[in-house]
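These notes concern the structure reproduced below.
Predicted, not measured: the structure shown is a model, and the values here were computed from it. Scope of the values below: all heavy atoms of this structure, side chains included, with no hydrogens, waters or symmetry mates. All chains are named by letter (A, B, ...) in the order of the sequence lines, taking the proteins before the strands, and each is independently numbered beginning at 1.
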Protein chains: 2
Amino acid sequence: MQSDVAIAQAHQLEAIETIAAKVDIPEEAILPYGRSKAKVDPALVPTERKGKLVLVTGMSPTPAGEGKSTVLIGLADAFSLQGHRTVVAIREPSLGPVMGIKGGAAGGGYSQIVPMEDINLHFTGDFHAITSANNTLAAIIDNHIHQGNELGIDVRRITWQRCQDVNDRSLRNVVTGLGGKAHGVPEQTGFSITAASEIMAILCLATSLEDLKERISKVVVAQTFDGAPVTVAQLNAEGALTALLRDAIQPNLVQTIGGTPAFVHGGPFANIAHGCNSLIATDTALRLGDVVLTEAGFGSDLGAEKFFDIKARAGELNVDAAVIVATIRSLKYNGGAARDVLNQEDLGALEKGVCNLERHVENIRQFGVEPVVALNEFSFDSDAEREWMHQWATSAGVRLVDVAAWERGGEGATDLAQAITEQWDQHSHSLYDPAEGIEASIRSIATKIYRADDVELSKKARKDLEYLKANGWDTLPVCISKTQYSFSDDPQALGAPSGHVLHVRELLPRIGAGFVVALTGDVMTMPGLPKRPAAEKIDVEDGKIVGLF
Amino acid sequence: MQSDVAIAQAHQLEAIETIAAKVDIPEEAILPYGRSKAKVDPALVPTERKGKLVLVTGMSPTPAGEGKSTVLIGLADAFSLQGHRTVVAIREPSLGPVMGIKGGAAGGGYSQIVPMEDINLHFTGDFHAITSANNTLAAIIDNHIHQGNELGIDVRRITWQRCQDVNDRSLRNVVTGLGGKAHGVPEQTGFSITAASEIMAILCLATSLEDLKERISKVVVAQTFDGAPVTVAQLNAEGALTALLRDAIQPNLVQTIGGTPAFVHGGPFANIAHGCNSLIATDTALRLGDVVLTEAGFGSDLGAEKFFDIKARAGELNVDAAVIVATIRSLKYNGGAARDVLNQEDLGALEKGVCNLERHVENIRQFGVEPVVALNEFSFDSDAEREWMHQWATSAGVRLVDVAAWERGGEGATDLAQAITEQWDQHSHSLYDPAEGIEASIRSIATKIYRADDVELSKKARKDLEYLKANGWDTLPVCISKTQYSFSDDPQALGAPSGHVLHVRELLPRIGAGFVVALTGDVMTMPGLPKRPAAEKIDVEDGKIVGLF
């Protein structure tokens, strides 16, 4: 079996101008980055949205891997094969995990976005621009204090952290500004991964460069000694930060192996951030294509919930159809099968684990959309297991379609495309009304989507809530940071747990992004590297990148 | 008077393909980044060097600014006007200082490299790639220790620092790995600016991607508890780091306002690093042009010395001619005139300060090259002052030519171009023989170039020297880190001090770069922001960057 990078490199790419021409992107809107990547100026494409928006989400992720991106890309190529004017709009991978566990993320097999090695490494530099903007702001804050602290910033209450797109657990908790008077003011702080930065969230929710600047100016970075919020506007930094993001905000155009135009733009994680590609890219895609495939990170409880409640609200998007990607192996894992026996037939575990999928189906229905389940085939799946899945689907009233996107590309997803076209006139809605207050919003998500019995706010979270209320921020939507492995905040509780308690640790205002982050459980905003990092396998041979899976 | 960015933005750029065609760069060698920037694959251009190499350096820099880049760019356009096939090869600006004091650095007035705002911001992402590679390595080192420390790395003797391209004094001295067992091992460390990273030096001295990987594998990052060096190769990280630099090592092609092709590639500072653009870019330029204009940071004591002793040695380069840029204002400053009266005539200060220029002339002669002095005109210079300068030049036996590059572009530098063509058959050589040992090399530079009477190694430096000798590294060339404001290690000692003592604080092996860094005086590898950072003035208006000077 060939590796993903080998398949991708063997593929003959079309010139990016050819890809752009397929959906009539005018030549002057294209800014090439090499021969097969380009930035697209959204101001130069038609303004009217005309596409059907198909949201692809997944069951709860497992170490076995479900191939959500692979299915989405195969599905896009299937739509293209059927003559639809199709555009993909998905997130760009973060470099940190590429060097850590993942080794690459742009689909797999014959359902990939290419050039995969560029996309997985620096791509067009968006993440680096975000890191620069984020860390320039951090330097400006600390410099302000060092130079006399006119604004009276309380060094113990600086909430703006530095970031980088490298997995580095040693930077989670640091003390900066040591070395004496010439070297700043000592401060206990930390770094998050770039994907978790509020700048990333803002870039993904902004509707224009002007809106980006406006949002950045509102970002709250600290409190004064009197407890008043300190904003970027007070530091005169929004102009420079916007300048640093001028190119990054334009969507990146690449292609699938099937030649479908793909916007790959913005990359917040769905466990620690809102988990959706940029609104600008989705909007641009809807103005160009008849069918737009987009995704949201992890399952219905994370990315999809945030898609409906945060992104769709901000961008006035309707989800016309939804897909939930599942695999037999991952269902068995959710049913208690050990990781090393997932390739063996185990109908008992499958039957026990299917509740996870059921729950995701129910969740998507709560947003007004009847999903199609895409069963992503693996060669290890037994006939009996597949048979059982179809029987389950019939009895549960769920539409389930087999997909073989990894092996067969678009050809392996034509049935799924057909099924979607039969139900893409749906009307989606959000789950809760933010006007009822943050606590009520969290409670809605926790009880309806996570099936918790209760929500418990820590003492710190209670205090945060007072601060939010005092500043009129408690009617913003909430972005819950939660483990992706379970509907609960305990990553060990697989399947479809209910009756648990959601523990909210902190509530963080993200005024530029326009939401409040609720940290639950032990989720960390900076990953570490594993014992054997994927970096050890990555190499360059004859000018070609190897070792990206 | 228009601002630099306004002049640059009013200029109609030629398509980068047109620029490339002027020096017959084949189309397949061009990788466009937007319409007016491109990476060039050096493997696809002719291999034979045929250009004359003209090195542009300066007198000791002052806060008044000398316009070294401006003169170089004007000179390049002058050569182009005279029908020479001219190529520029200079460094790319670091983003940190752009947001700090400088606000931009790609020449000035009608002698600029464009698009200046792109070049000053992220450009083609080279610095970001270097930051990523540098910090990925830092994460891999700390992860190795966290995961069991098989190599026995002494956490107190990790010499590899993190870096970023943001001026942030608070990151000079930090403690990382706090927060308990799950979050790494506590460590006292620091960040330098990306320009000071050994990865930057390697990128600028490597002759190919293979050489880059070989050099990276040799980088020493720490010592074991037994005092043995730990290399990148032992951490299996050279492949991943090379993959991260695959595109960054290719030279960036842009253009001057006069339409001359310009490679702008690599950017180590000359005070804290070796201060020259990439060898690959200079080499590629020499294979394409008849005249190649290159620069080295700051004066003859820093960038130029390192050009002759490090870069020219590594790349087997001959300097065919050299230019020293000087201004009347900066000479008066070196003669003791206060900064706020530099625009007033002061023949006394000029006479007193010209010794600085004399010293730089003498220094360049020590490398076998007779320089031309370019007197960069300012409107404030009086006729008497100019007259005096020419009299001085005649009596001192120095060739001095007036230049008006800022105001008149290439037209303002034709006399300088003419003077150079009359003496560009020279043969340059290095100053010292590294085989005599680091201490002798430092002594050569200190006594002959800095005119110190003595060199004093600190106790730490003495210990470092033993470590270098024990590992066979003391016959590498030396890269001295020293203030740019004085020939001595005291930034206050202007003019042409002699008889001083050079204080060497530390000796750091940079085995990948192939030299040993000697830290002198108080030079810091991470700048801070000033009270009013340039960032406060930078903005975006109607999609255009403003506020870059």
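- By number of non-hydrogen pairs under 4.5 angstrom with chain A, the leading residue of B:Asp142, B:Leu241, B:Leu171 is B:Leu171.
- Scanning both residues, A:Leu529 and B:Asn143, for their nearest heavy atoms gives O-OD1, 2.9 Å.
- Inter-residue side-chain proximity for A:His146 and B:Ser170 is flagged as unmet; no heavy-atom pair is nearer than 4.5 Å.
- Within 6.0 Å of CD on B:Glu28 lie more than 12 heavy atoms contributed by other residues, nucleotides or ligands.
- When heavy atoms are compared at a cutoff of 4.5 Å, A:Ala237 does not approach chain B at all.
- Counting heavy atoms from C-beta outward, B:His122 and A:Asp247 have side chains that stay 4.5 Å or more apart.
- Contact count against chain B (heavy-atom pairs under 4.5 Å) is highest for A:Gly177 among A:Pro186, A:Gly177, A:Gly148, A:Ala38.
- Separation of atoms CG (A:Leu244) and CG (B:Leu95) is listed at 5.5 Å; rounding is to 0.5 Å.
- For chain B, the nearby part of A:Leu235 is the backbone; its heavy atoms alone come within less than 4.5 Å.
- No side-chain heavy atom of B:Asp165 sits less than 4.5 Å from a side-chain heavy atom of A:Ser132.
- The pair B:Arg532-A:Glu150 meets the salt-bridge criterion, with a side-chain N (NZ, NE, NH1 or NH2) lying under 4.0 Å from an Asp/Glu carboxylate O.
- Listed for the A:Asp539 side chain is no donor-acceptor partner under 3.5 Å among the backbone atoms of B:Ala243.
- Most heavy-atom pairs under 4.5 Å with chain A, from the set B:Pro533, B:Ala248, B:Pro530: that is B:Pro530.
- Contact of B:Lys213 with chain A is made through the side chain alone, with heavy-atom distances under 4.5 Å.
- The heavy-atom pair separating B:Ala535 from A:Ile140 by the smallest distance is CB-CD1, 4.0 Å.
- In this structure, no portion of A:Met526 lies under 4.5 Å from any heavy atom of chain B.
- Only the side chain of A:Phe191 comes within contact range of chain B, judged by heavy atoms closer than 4.5 Å.
- Under the 30°/60° scheme for interplanar angles, the aromatic rings of A:Tyr33 and B:Tyr33 are found to be tilted.
- Neither the backbone nor the side chain of B:Asp542 has a heavy atom closer than 4.5 Å to any heavy atom of chain A.
- Minimum interatomic distance between A:Arg172 and B:Ala182 (heavy atoms only, all atoms of both residues): NH1-O, 3.2 Å.
- Looking only at distances, no side-chain donor or acceptor of A:Glu210 sits under 3.5 Å from a matching main-chain atom of B:Glu541.
- Only the side chain of A:Val166 comes within contact range of chain B, with at least one heavy atom under 4.5 Å from a heavy atom of that chain.
- Residues A:Leu178 and B:Val174 form no side-chain contact, since every pair of their non-hydrogen atoms from C-beta on lies 4.5 Å or further apart.
- Highest contact tally toward chain B, considering only A:Gly190, A:Pro32, A:Gly96, A:Ser208, is held by A:Pro32 [criterion: heavy-atom pairs under 4.5 Å].
- Counted within 6.0 Å of CD on B:Gln188, heavy atoms from surrounding residues, nucleotides or ligands total 12 or fewer; the atom is thus considered open.
- Put simply, the side chain of B:Arg162 reaches to within 4.5 Å of the side chain of A:Asp168, judged on heavy atoms.
- Of the residues considered (B:Gly34, B:Gly125, B:Gly179), B:Gly34 shows the highest number of contacts with chain A, using heavy-atom pairs under 4.5 Å.
- Highest contact tally toward chain A, considering only B:Asn135, B:Leu209, B:Val185, is held by B:Asn135 [criterion: heavy-atom pairs under 4.5 Å].
- Within 6.0 Å of the CG atom in B:Asn149, the count of heavy atoms belonging to other residues, nucleotides or ligands exceeds 12.
- Residues A:His183 and B:Arg169 have side chains that never bring a donor and an acceptor to within less than 3.5 angstrom of each other.
- More than 12 heavy-atom neighbours from other residues, nucleotides or ligands sit within 6.0 angstrom of CD on B:Glu187.
- Note that OG1 of B:Thr242 is 11.5 Å distant from CD1 of A:Ile538, once rounded to the nearest 0.5 Å.
- Two residues are said to be in side-chain contact when any heavy atoms from C-beta on lie closer than 4.5 Å; A:Arg246 and B:Glu117 meet this criterion.
- Using a 4.5 Å cut-off between heavy atoms, A:Glu536 touches chain B through backbone and side chain atoms alike.
- B:Leu31 and A:Arg35 get closest at one heavy-atom pair: CD1-NH1, 3.0 Å.
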